[in-house]
Peer 1: 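Let me give you the structure first, and then I'll get to my questions.
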Amino acid sequence: MRTLITNGTIVTADGSYQADILVDGETIALIGRDLAAGGVTADETIEAAGRYVIPGGIDAHTHMELPFGGTFAKDTFFTGTRAAAFGGTTTIVDFAVQSKGKSLREGLDTWHAKAQDNAVVDYGFHMIMSDVNDQSLAEMDQLVAEGVPDFKLFTAYPGVFFSDDGAIFRAMQQTAKNGGLIMMHAENGLAIDVVAADQVAAGHTDPYYHGVARYPIFEGEATNRVIRLAEAAGVPVYIVHMSARDALNELRAARDRGVRAFAETCPQYLFLTLDDLGHGFEGAKFVCSPPLRPADHAEELWTGLVKDDLQVVSTDHCPFDFHGQKELGRGDFRKIPNGLPAVEDRVDLLHDGGAVGGRFTKERWVEVISTAPAKMFGLYPKKGAIAVGSDADLVVYDPNARRTISATTHHMDVDYSCYEGRVVQGRSDVVLSRGSVVVRNGEFAGRAGHGQFVKRAPADFARQN
Ligand code: URP
Ligand code: ZN
Ligand code: ZN
């Protein structure tokens, strides 16, 4: 199958230009002006005049079917990757989970089974380590060899995913040997639990107090601590879902002294605020960790993206229905499952708030939603690029279309939207995954099982800093 995409404006992290793209099979075969006039033929032509052609979005932080708080994140690999495709994302990197007392292998196998035959677009895995011991440390090397080179550890969630400093340091030492990358959820979970218990004892049980209890300084402290541990181990470190100015300042300071410290933020920390956690129990829709912050933190995060102290925007997509799931925490915010739906909205939100909003260029937009995560997580230039030989993961994107985000029209399997009623400028019209159209003008054209596991090599962080 050969597909010709004509007359679009190709937008990459490096620049923009007018050209046609010939897709042959699963990859980009040719890029040039007026290809048809030059004798190039194709089975299908997609006219892209007046629109951008961008590399498909890469969401490097999702949780399909994550077990959390006695329930499971609602999207499966089918519904979640279908929603991703509607939103212009053609690769996700999801977190496989090592349960306490179990091996990494069991966790990874479980996640392969969930994704295989179900995913609509390509996927990779990071590994959540909940139990650092001699066996799981040794298993890390095997996972790196299998294309799963990143390991998420937590200074939050005591009793669940939490690791102490010694465990984190041991895992970092292991990546010094095997080339893997440690990803850190950096909040001081032990201190948070003290404040959260105090709040509940004082009768403050509403979702708003989830935000109050998780002080920004607890994120700043943990961020500094894990970066210092990484420095001591001589390894790069990647901070996930950064939300607070306090944490960003620690990251900046580390980068200024030459540390290979990297981070992502998420749309919720750029567009939503602590106030969204108000309004009684409705605020449960916005409970995630780290929590939403006062608006001035968001402005700092935008600056962090502009200046490349923050390299990536991922979603931390982890959807729970308001009815039946978030409701588990009525009367005690500590029991609300943590996480928000976002995989479908990230590309448009960042286009609207970043490129249209004048905070950064359309090229930087492509960088934070696609190219930077591709480089960070060993996918580049197979993905995150428009180049001959790259996978034909392409989005024909209308930068002028306006749409209203709503749970009544989104494709995520969750009963609310955090962005209900928000109008965004920009829309993915045609989405190709390895040369196959998976979404065309609002209609699903893909299939479960088209998405393949992508084996990733460790990225070369010495050159990225
Ligand atoms: O609230 C969140 N972030 N839920 C998902 C688990 C995590 O910490 O990433
Ligand atoms: Zn986390
Ligand atoms: Zn997460």
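Both ligands and their constituent atoms are indexed starting at 1 by order of listing. The basis for the numbers below is simple: all heavy atoms, side chains too, and nothing from hydrogens, waters or symmetry mates.
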Peer 1: Is any side-chain heavy atom of T404 closer than 4.5 Å to one of T409?
Peer 2: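 With C-beta onward as the side chain, the pair stays apart.
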Peer 1: Mind checking whether N338 contacts ligand 1 via backbone (N, CA, C, O), side chain (CB onward), both or neither, at a 4.0 Å heavy-atom cut-off?
Peer 2: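 It is both backbone and side chain that touch ligand 1.
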Peer 1: Heavy atoms only, cut-off 4.0 Å: how does C318 contact ligand 1, side chain, backbone, both, or neither?
Peer 2: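 Within the 4.0 Å criterion, C318 contacts ligand 1 through side-chain atoms alone.
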Peer 1: Which of parallel (below 30°), tilted (30 to 60°) and perpendicular (above 60°) describes Y209 and F333?
Peer 2: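 Aromatic pair Y209/F333 classed tilted.
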Peer 1: Please verify the inter-ring angle class for Y157 with F154; under 30° counts as parallel, over 60° as perpendicular, anything in between as tilted.
Peer 2: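 Rings of Y157 and F154: tilted, 30 to 60°.
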Peer 1: Indicate the ring-plane relationship of F453 and H112, choosing parallel, tilted or perpendicular according to the 30° and 60° boundaries.
Peer 2: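 Rings of F453 and H112: perpendicular, over 60°.
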Peer 1: Check the Zn ion (ligand 2) and write out every protein N, O or S atom at under 2.8 Å, as residue and atom.
Peer 2: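 Only K152 NZ, H185 ND1, H241 NE2 fall inside 2.8 Å of the Zn ion (ligand 2).
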Peer 1: Under a 3.5 Å distance rule, please check whether D117 uses its side chain to pair with a backbone N or O of G449 as donor and acceptor.
Peer 2: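 Between the backbone of G449 and the side chain of D117 there is no qualifying donor-acceptor contact (under 3.5 Å).
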Peer 1: To which protein heavy atom is atom 1 (O) of ligand 1 closest, and what is the distance rounded to 0.1 Å?
Peer 2: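 Result: S289 N, 2.8 Å.
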Peer 1: Is Y157 near ligand 1, meaning one of its heavy atoms is under 4.0 Å from it?
Peer 2: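 Flag set, Y157 near ligand 1.
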Peer 1: Look at the side chain of T110 and the backbone N and O of E106, then say whether any donor-acceptor pair between them is shorter than 3.5 Å.
Peer 2: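 Side chain of T110 to backbone of E106, a donor-acceptor pair under 3.5 Å: yes, one is there.
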Peer 1: Could K114 and F77 be counted as a cation-pi pair, given that NZ or CZ must be under 6.0 Å from the ring centre and within 45° of the axis?
Peer 2: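 So K114 doesn't make the cation-pi contact.
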Peer 1: Looking at H63, which of its N, O or S atoms is the nearest one to the Zn ion (ligand 3)?
Peer 2: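 This turns out to be NE2.
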Peer 1: Apply salt bridge (Lys or Arg N to Asp or Glu O under 4.0 Å) to the pair D309 and K307, showing each step before the final yes or no.
Peer 2: CA-CA 6 Å; D309 284 316; K307 293 188 166 184; over 6 Å; no
Peer 1: Check whether any N, O or S atom of H61 sits under 2.8 Å from the Zn ion (ligand 3).
Peer 2: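 Short answer: yes, at least one N, O or S atom is under the cut-off.
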Peer 1: How about N178 and M140: do any of their side-chain heavy atoms sit closer than 4.5 Å?
Peer 2: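 Counting from C-beta outward, N178 and M140 do come under 4.5 Å.
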Peer 1: Side-chain atoms of residues 190-208: list all donor-acceptor pairs with protein atoms under 3.5 Å, sequence neighbours left out, distances to 0.1 Å.
Peer 2:
| from | atom 1 | to | atom 2 | distance (Å) |
| --- | --- | --- | --- | --- |
| Q199 | OE1 | H204 | ND1 | 2.8 |

Peer 1: Can you list the atoms of ligand 1 that are under 4.0 Å from a heavy atom of C288?
Peer 2: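 That gives atoms 1 (O) of ligand 1.
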Peer 1: Show me which atoms of ligand 1 lie under 4.0 Å from any heavy atom of H63.
Peer 2: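 Result: 5 (C), 6 (C), 7 (C), 9 (O).
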Peer 1: List the closest protein heavy-atom neighbour of atom 3 (N) of ligand 1: residue, atom name, distance to the nearest 0.1 Å.
Peer 2: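 For this ligand atom, the closest protein heavy atom is D316 OD2, 2.6 Å.
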Peer 1: Can you classify the ring geometry of F360 versus W302 as parallel (below 30°), tilted (30 to 60°) or perpendicular (above 60°)?
Peer 2: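 Rings of F360 and W302: tilted, as their planes differ by 30° to 60°.
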Peer 1: Identify, by atom number and element, the atoms of ligand 1 in contact range of H61, meaning under 4.0 Å from any of its heavy atoms.
Peer 2: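 Listed by number with element: 9 (O).
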Peer 1: Does F322 have K285 sitting over its ring (NZ/CZ under 6.0 Å from centre, angle to axis within 45°)?
Peer 2: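 Yes, K285 and F322 form such a contact.
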Peer 1: Would you mind running through ligand 1 and noting each atom that sits below 4.0 Å from a heavy atom of H185?
Peer 2: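 Within the 4.0 Å cut-off of H185, ligand 1 contributes 8 (O).
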Peer 1: Should you measure from each heavy atom of F154, which atoms of ligand 1 turn up under 4.0 Å away?
Peer 2: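 It comes down to these atoms of ligand 1: 8 (O).
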Peer 1: Please classify the K152 to ligand 1 contact at 4.0 Å (heavy-atom distances, strictly less than): side chain, backbone, both or neither.
Peer 2: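 It is the side chain that gets close, since no backbone atom is under 4.0 Å.
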